[in-house]
Amino acid sequence: MPSDSSSSSSSSSSDGDDRNPNSDPNPDPNPDSIDQSLDALESQLASISMSSRSPTATIDDEEVAEEEEEQSVEQLTIGNGPLNEEIRAEEATDSVEDEHIGNNSNLRAEASGVINTRPSSLCRNISEVDEVERPLSPSSSGYAGERGSTSGDDEIDDDDEDDNEIREVENDGVLESHAQWVSGKRHPDEDDASVSWRKRKKHFFILSHSGKPIYSRYGDEHKLAGFSATLQAIISFVENGGDRVKLVRAGKHQVVFLVKGPIYLVCISCTEEPYESLKGQLELLYGQMILILTKSVNRCFEKNPKFDMTSLLGGTDVVFSSLIHSFSWNPATFLHAYSCLPLAYATRQAAGAILQDVAGSGVLFALLMCKHKVISLVGAQKASLHPDDILLLSNFIMSSESFRTSESFSPICLPRYNPMAFLYAYVHYFDIDTYLVLLTTSSDAFYHLKDSRIRIETILLKSNVLSEVQRSLVDGGMHIGDLIIDPTSRAGAVSSHLGQPRPATGSPGRIMDGFAGIGGPAGLWHFIYRSIYLDQYVSSEFSSPINSLRQQKRLYRAYQKLYTSMHDKRIGPHKTQFRRDENYVLLCWVTQDFELYAAFDPLADKALAIKICNRVCQWVKDVENEIFLLGASPFSW
Amino acid sequence: MPSRRRALLKVIILGDSGYVNKKFSNQYKATIGADFLTKEVQFEDRLFTLQIWDTAGQERFQSLGVAFYRGADCCVLVYDVNVMKSFDNLNNWREEFLIQASPSDPENFPFVVIGNKIDVDGGNSRVVSEKKARAWCASKGNIPYFETSAKEGTNVEDAFQVIAKNALKSGEEEEIYLPDTVDVASSSQQRSTGCEC
């Protein structure tokens, strides 16, 4: 594998893949199934209980330095060493590990057997054609409620299944019915005995501290009651020893645990995402639950440990499923920043002014959103809105069909603002994409907010904001093809405004270096720029060769990994990172003011790539009026 | 409206005697102390999912700790009718459960007792009579009593029916969920720090 990691201050040692002593040089298209990982998990637990009486305990209590939280850090590893020693543990394999590897190779044989018996090339072709034909719509978010913009439900379903061809063959368009979509539950017939369920690449579970299931991404919660109990037993077993389990690695699977008082969250994944990313996703999942219920649910469990929470969450499956889906397409989920719809400065100002106008009168926050992007937002007094709250709020609104059909007034909780109490959200859709959210503390403010909305709507129509929004949806955003490589030609101002008719390809100033036609100059394929002060990010529009949703997801996963390694407190923080693999050149640059993540052609020249990154930063600066919400940072009132 | 939905009941099985059921696979008992089974039971017009934690019949006694018993809706005590000691220990198991689970109303917590393996040796090796067992159950607040054979698992369904029935009796009252609303006037309003996490 061509892997050339060099940077001024970092290395690629954070790369989680390297740690796995079982990692297979030949990538296996079939992931280990869940039961394998549970077996392995069990053997690990067995090793704990066997050794717990001996002075050399297997659970390693090592405080991995970076954790500032109160949790004791603990890694259950396959061998006897802590996680970061696992590379070395390759030599020092003990019997448990041997057994484990044995399990794995068994499975591999099994899996490849399956592959050989089916016409793999055919299936692959079909699925790829399917994706290419899909309209390239970078802003298509895939929210469940967005019926109009998604061509089918298979891609949404395919979130983490992209290599799982067996599943595609089984399920594409066959099992997946529209009715299931509406209910928001995927594959409700499955349980932990189903082969298909065990092959899913990424499971999420929420359960109570008594082991009662609350949510499962796949399958029926009640049928999974036994599995849910197993998860609680594992958590409790380790807790009984005065410890906490955070992560179990089992072959290709990672089992990530997050304990939030009486609520337990578990992710079982073989997507090779870093632990930190998966934990962050569990945190968001918990936040989504808090948004619906507030942390007051804890009181229910204090009063009655038997409490069955599912009744309080009835019908919200789709909210969680949609959030989990966004983990693979929305960079906000790992950047902890929000993004704005690109708009002319004056247009955004006009929208902000009218929101500001109503914010004085009993409105705590006013947000004008287009899909998951912010058009403008305003907060009263010193109130601040965290980007994660924006993400969870917009996910909640967009995934719930009822908000689309009529104006609504609904209690919601902003977990980062105040996790203990409800606010009330007045929600109204101006058109299929654009909606207004007015948050208030007053439970009887509906008619007042309705009046406010009418005022806002009048002004928005008068000032053409809504039509500008639609125009931006069609051709707004930063297209890498518009990046001018030669700063001197900036006078021509081709790119100083977005959404202008773009020049035909081959405009002067662009480097024609053999990469023309695919991506931007010097092989630039895509970038994300995150402004640290603004808590906002801008991401370039996708274009060739990042065509399919699958490729987009793969790129986001690569960014996510990059983000994690850049923020790894054990070996970081880092300023720059240059990473070349068979898929991309990835370049990351972190300063006090911004973080830039850029993806290039894998053959891109390093010096040129760095130069391009400088140009991108300049470009962002040139158009920041249009891509960011300025002067209204949610933290800077 | 919500009362018609399926209810989930956590059922803990305790005792010296292995509770024999073909469906249990003994996957986890040796390592984490319990095996798990999901079973659906219909009682009257309601559907119940029983989440069964089978901890019974381990060679060495080990306290499973609060976490295992937490939130149990029912506790099934199992003994072997051919082993007197397993019957004598029922009281210990019951006490252990009440201490660890600390249910809100211990006097009325739903227990079920099962006398197991009545078919062994054609019933000739039996040492605990049904009468004796029923007397003990009566003395502990009329605990429902069932006898099962190891092979057939007879009467187990009846036991599950009773579990569902008891749960219906005890867990009917549900409160309205009513969290607070944000009070902006109070000065203790917490602020996000704005750091990225």
Side-chain angles (χ1 to χ4, degrees), chain A residues 38 42 45-46 49 191 208-213 221-230 232-237 239-240 293-297 300-301 304-308 310-312 314 336-337 364 380-384 386 411 413 416-418 420-424 441 443 532 535 635, chain B residues 1-3 5-10 23 27-28 30-40 47-53 55 62-73 101-104 167 170-171 174-175 177-185 189-197:
Chain A
L38 280 175
E42 193 196 348
L45 287 164
S49 61
D191 60 31
S208 78
H209 64 170
S210 70
K212 294 190 177 180
E221 284 86 2
H222 273 230
K223 287 183 188 163
L224 291 168
F227 187 81
S228 177
T230 314
Q232 195 239 310
I234 291 167
I235 294 168
S236 302
F237 184 90
E239 247 171 32
N240 281 350
L293 291 179
T294 80
K295 247 183 175 170
S296 299
V297 286
C300 299
F301 286 104
N304 173 20
K306 291 195 276 190
F307 183 63
D308 185 355
T310 46
S311 59
L312 296 180
H336 304 290
L364 195 57
Q381 299 140 15
K382 292 280 177 208
S384 60
H386 192 280
C413 165
R416 297 287 197 142
Y417 176 70
N418 183 346
M420 294 311 297
F422 271 139
L423 292 169
Y424 292 87
T441 58
S443 60
I532 289 166
D535 268 307
F635 297 116
Chain B
M1 116 206 116
S3 63
R5 68 177 196 279
R6 290 181 304 172
L8 189 121
L9 304 176
K10 177 172 176 177
K23 284 184 178 168
Q27 271 182 299
Y28 305 116
T31 49
I32 52 177
D35 279 328
F36 307 97
L37 178 75
T38 306
K39 181 159 180 56
E40 287 202 345
L47 204 54
F48 292 86
T49 302
L50 304 188
Q51 180 194 58
I52 302 171
W53 296 54
T55 71
Q62 60 176 68
S63 175
L64 296 165
V66 181
F68 266 53
Y69 303 128
R70 190 191 288 138
D73 295 276
S102 55
S104 49
S170 60
E174 242 174 58
E175 296 172 54
Y177 181 70
L178 198 63
D180 302 332
T181 299
V182 169
D183 179 10
V184 265
Q189 183 60 260
Q190 69 173 91
R191 290 206 60 191
S192 318
T193 52
C195 67
E196 52 90 10
C197 315

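All chains are named by letter (A, B, ...) in the order of the sequence lines, taking the proteins before the strands, and each is independently numbered beginning at 1. FYI, side chains are in, hydrogens and waters are out, and symmetry mates aren't considered; it's all heavy atoms of this structure.
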Heavy-atom pair with the smallest gap, counting every atom of [X] and [Y]:
{"X": "B:D73", "Y": "A:K212", "value": "OD2-NZ, 2.7 Å"}
{"X": "A:G211", "Y": "B:W53", "value": "CA-CZ2, 4.4 Å"}
{"X": "B:T49", "Y": "A:A225", "value": "CG2-CB, 4.3 Å"}
{"X": "A:K306", "Y": "B:G71", "value": "CG-O, 3.5 Å"}
{"X": "B:T38", "Y": "A:G226", "value": "OG1-N, 2.7 Å"}

task = Measure B:A101 against the heavy atoms of chain A and call it side chain, backbone, both or neither at under 4.5 Å.
result = neither

query = Considering only heavy atoms, which portion of A:L293 lies under 4.5 Å from any heavy atom of chain B: side chain, backbone, both, or neither?
reply = both

Per-residue contact mode, A:F301 against chain B (heavy atom under 4.5 angstrom) =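 Contact with chain B: none, neither part.
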
ask   = Should the heavy atoms of other residues, nucleotides or ligands under 6.0 Å from NZ of A:K295 be counted, would the total exceed 12?
value = no

Any donor-acceptor pair under 3.5 Å from B:T181 side chain to A:T441 backbone =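 The answer is no, because no donor-acceptor pair under 3.5 Å joins these two groups.
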
request  = Please check if the side chain of B:R70 supplies one atom and the backbone of A:H209 the other of a donor-acceptor pair under 3.5 Å.
outcome  = yes

query = Quick one: of A:C300, A:A233, A:C413, who has the most non-hydrogen atom pairs under 4.5 Å with chain B?
reply =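 Heavy-atom pair counts peak at A:A233.
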
request  = Among A:P213, A:S208, A:S210, find the residue that satisfies the side-chain contact (heavy atoms from CB on, under 4.5 Å) test when tested with B:L8.
outcome  =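 Of A:P213, A:S208, A:S210, side-chain contact (heavy atoms from CB on, under 4.5 Å) with B:L8 is met by A:P213 alone.
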
inquiry  = Could you work out, with salt bridge (Lys or Arg N to Asp or Glu O under 4.0 Å) as the rule, every residue matching B:K10, not counting sequence neighbours?
reply    = none

